[in-house]
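Have a look at the structure below, then the notes.
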There are 2 protein chains.
Amino acid sequence: MPAVTDNGSGPDGSAPDGDAGKARAVPEAAVARLAVYLRVLTTMAEQGAVTVSSEELSAAAGVNSAKLRKDLSYLGSYGVRGVGYEVGVLTEEIERILGLTRQHKVAVAGIGNLGHALANYGGFPGRGFPVAALFDVDPDLIGVPVGGIAVSHLDDIPAVCAERQVSIGVIATPPGAAQVVCDRLVAGGVECILNFAPVVLHAPEHVQVRKVDLAVELQMLSFHVASRDAGNPADGGPVSVTSAGTGVLSRASSNGEVV
Amino acid sequence: MPAVTDNGSGPDGSAPDGDAGKARAVPEAAVARLAVYLRVLTTMAEQGAVTVSSEELSAAAGVNSAKLRKDLSYLGSYGVRGVGYEVGVLTEEIERILGLTRQHKVAVAGIGNLGHALANYGGFPGRGFPVAALFDVDPDLIGVPVGGIAVSHLDDIPAVCAERQVSIGVIATPPGAAQVVCDRLVAGGVECILNFAPVVLHAPEHVQVRKVDLAVELQMLSFHVASRDAGNPADGGPVSVTSAGTGVLSRASSNGEVV
DNA sequence: AACTGTGAACTATTTCACAGCC
DNA sequence: GGCTGTGAAATAGTTCACAGTT
């Protein structure tokens, strides 16, 4: 029962989800895009936009307008026919559906290059994801503040996470340590895990696991180059322009670099 | 015509791809998984495995066996009925289809926290992706070697990339600089781009663009937590356990941390 | 006249289930 | 008997195209 497995909705394709209330089930693919729309909307709001049409917003988000409208329709009807969407309203609705109205404390395990970068990032995407705990095994690091938070030992993950009410665990350890760290995060009560380690994690079903894998990304790019060079003139078939559906870090350091 | 847009195969759904030769068109989703199988196979080979069944391999990769077999069938028929797959053969075939038989030189633009981590990583996933150039705007960084390679100025991207035959550009700059950097990478002849900056990039169609977005990942996790807490008892509907389909960094630093 | 919301058609992806081979 | 390869069925996701609203 690995959580990483894409076991759809389980064996039963049932669950007619008689959702009486608001939003109907939002497809996974749409959720990823909603996060992108949110970012675009924020930018637009900063530039003083009050309303947007599906055409404008979709262009800025790099999707087609029908898809955008369909995605937004999962939230309910917040647009005005003949006019468009109110930037403020849409922003709020997306934040609501994405659960951004509450804080999600983040713990980062593995303070190597990447972990360090994440820790220094101090406070993920536009508030809402404060880094609350850091973990490593290196004795030289324990107790040292990184990005304002003292590093604790990996052994203390369960206790510290429970105490600080961490809800998201980020694994940036080497592959060998990832599963143990995962288990401890789960023991500490985290609700979801973002895994940067190149291993398939096994976690209980109630824990959401997502992974970010640089090797996979590069190899997918390699595949596209290869399939263009190879046989068929155009790589055009089922495979072409892609988007990982995942995004990136958001603020600049003193040097103006990401993370 | 933004390359990041998931504009399928373009307006024409045609291209019956009369692939005479080997592999039939490999679906995008399968490509991502092939990279994972490859990693698992490598691990198994190290442990002395000579053959694997679809059951074993799929379990280790966190997918179901039917999916694995279907994925492998895109490569051709390299299994033996009643027996399984030869680890060595399968490894080679996957490497071939992913285009890992040739080197892909990588350039990293934006030597901030993340860029630094990537540069130090020195040589991405199991050879095949050597870092050949680094770029930044910071005068204090220009000329300084990071992970063995001197940092060049962003202005020199086209020249340096062309000269060093870079085929993959990694963007780790702040969002504001990303599009310019992208344009320069394209001018320098890179064939694909991995974008860590939280912006929608516009690139010519022949350039593959993939993005990795931490904000999106976190917000997707947030969504799942929210939808569990909220209305419906189980989050079960169409949305449940997920995998970004992307993976991670691969080697450990002296401290044993990823990247 | 401009623009949203959405059923219906289409395409992609996953899963089933079983024929065929060792 | 165990296991692969794959059509066919089921499910998920995208795009069309147009009715409905302001």
Side-chain angles (χ1 to χ4, degrees), chain A residues 5-17 23-34 51-59 62-86 89-90 93 237-243 245, chain B residues 5-17 23-34 51-59 62-86 89-90 93 237-243 245:
Chain A
T5 305
D6 47 338
N7 44 10
S9 317
D12 71 319
S14 57
D17 71 85
R24 45 284 245 186
V26 186
E28 186 73 0
V31 175
R33 288 188 298 267
L34 286 173
T51 60
V52 257
S53 65
S54 62
E55 206 58 62
E56 294 168 313
L57 185 50
S58 66
V63 305
N64 82 7
S65 64
K67 195 190 287 186
L68 175 121
R69 288 198 302 278
K70 183 70 98 179
D71 288 345
L72 295 185
S73 77
Y74 298 121
L75 313 183
S77 277
Y78 296 102
V80 182
R81 289 167 199 240
V83 179
Y85 302 87
E86 264 190 63
V89 173
L90 209 45
E93 290 303 325
V239 176
S240 75
V241 195
T242 40
S243 167
Chain B
T5 303
D6 47 337
N7 44 10
S9 317
D12 71 318
S14 57
D17 71 87
R24 45 285 244 189
V26 186
E28 186 74 0
V31 175
R33 288 188 298 266
L34 286 173
T51 60
V52 256
S53 66
S54 62
E55 206 57 61
E56 293 168 313
L57 184 50
S58 66
V63 304
N64 82 6
S65 65
K67 195 189 287 184
L68 175 122
R69 288 199 302 279
K70 182 70 99 181
D71 287 344
L72 295 186
S73 77
Y74 298 122
L75 311 184
S77 277
Y78 296 103
V80 182
R81 289 167 200 242
V83 180
Y85 303 87
E86 264 191 63
V89 173
L90 209 46
E93 289 305 324
V239 175
S240 75
V241 195
T242 40
S243 168

note = Among dG5(C), dG13(D), dA17(C), the one nearest any side-chain atom of Arg69(A) is dG5(C)
ask   = Out of dT15(D), dT14(D), dG5(C), which nucleotide sits closest to the side chain of Tyr74(A)?
value = dT14(D)
request  = Check the pair Val80(A), Thr51(A) against side-chain contact (heavy atoms from CB on, under 4.5 Å), reporting the backbone distance first and the verdict last.
outcome  = CA-CA 10 Å; Val80(A) 182; Thr51(A) 60; over 6 Å; no
key: Those residues that, when tested against Val89(A), pass side chain to side chain contact (heavy atoms under 4.5 Å, CB included) (two or more places apart)   = Tyr78(A), Glu86(A), Glu93(A)
ask   = For residues 71-81 of chain A, which residue pairs qualify under salt bridge (charged side-chain N to carboxylate O under 4.0 Å, His left out), counting only residues two or more places apart or in two chains?
value = Arg33(A)-Asp71(A)
task = Could you check how far CD of Glu55(A) sits from C1' of dA17(D), rounded to whole Å?
result = 14 Å
task = Please determine if a side-chain N or O atom of Arg33(A) lies less than 4.0 Å away from the OP1 or OP2 oxygen of dG13(D).
result = no
message = Checking contacts here: which listed nucleotide (dT13(C), dA17(D), dC16(C)) is nearest the side-chain heavy atoms of Pro27(B)?
response = dT13(C)
ask   = With respect to the phosphate group of dG5(C), does any side-chain polar atom (N or O) of Ser77(A) fall under 4.0 Å of OP1 or OP2?
value = yes
task = Specify the separation, in whole Å, of atom CG of Leu34(A) and atom P of dG13(D).
result = 13 Å
ask   = Nearest to the side chain of Lys70(B) - dC18(C), dA17(D), dT15(C)?
value = dT15(C)
message = Ignoring hydrogens, what is the shortest heavy-atom contact between Ser53(B) and Glu56(B)? Give both atom names and the distance.
response = N-OE1, 2.8 Å
key: Distance, rounded to the nearest Å, where Leu75(B) contributes CG and dG5(D) contributes C1'   = 12 Å
message = So if I take the C1' atoms of five pairs at each end of the helix from dA1(C)-dT22(D) to dC22(C)-dG1(D) and get each local axis, what angle do the two axes make, rounded to 10 degrees?
response = 0°
query = Can you check whether Ser58(A) reaches Val63(A) side chain to side chain, under 4.5 Å on heavy atoms?
reply = yes
inquiry  = Looking only at the side chain of Tyr85(B) (C-beta and beyond, no hydrogens), which of the listed nucleotides dT4(D), dT15(C), dT6(C) gets closest?
reply    = dT4(D)
task = Check the distance between dT6(C)'s C1' and Asn64(A)'s CG and give it to me in whole angstrom.
result = 15 Å
For nucleotides 19-22 of chain D, print each protein N/O atom paired with a nucleotide N/O atom at under 3.5 Å, atom names and distance only.
from    : atom 1 : to       : atom 2 : distance (Å)
dG20(D) : N3     : Arg81(A) : NH1    : 3.2
dT22(D) : O4'    : Arg81(A) : O      : 3.4

ask   = What integer distance in Å separates Asp71(B):CG from dT15(C):P?
value = 10 Å
remark   = Rounded to whole Å, the OH-C1' distance (Tyr78(B) to dG5(D)) equals 14 Å
task = Please state whether the phosphate of dT4(D), meaning OP1 or OP2, lies under 4.0 angstrom from any side-chain nitrogen or oxygen of Ser54(B).
result = yes
Spacing of Leu68(A) atom CG relative to dT6(C) atom C1', expressed in whole Å = 14 Å
task = Calculate the interatomic distance between Leu57(B) atom CG and dG5(D) atom P; express it in whole Å.
result = 12 Å
ask   = Listed by chain and number, what are the side chain to side chain contact (heavy atoms under 4.5 Å, CB included) partners of Ser54(B), not counting sequence neighbours?
value = Ser65(B), Leu68(B), Arg69(B), Tyr85(B)
request  = Heavy atoms only: give me the nearest Tyr74(B)-Ala25(B) pair and the separation to one decimal.
outcome  = CD2-O, 4.1 Å
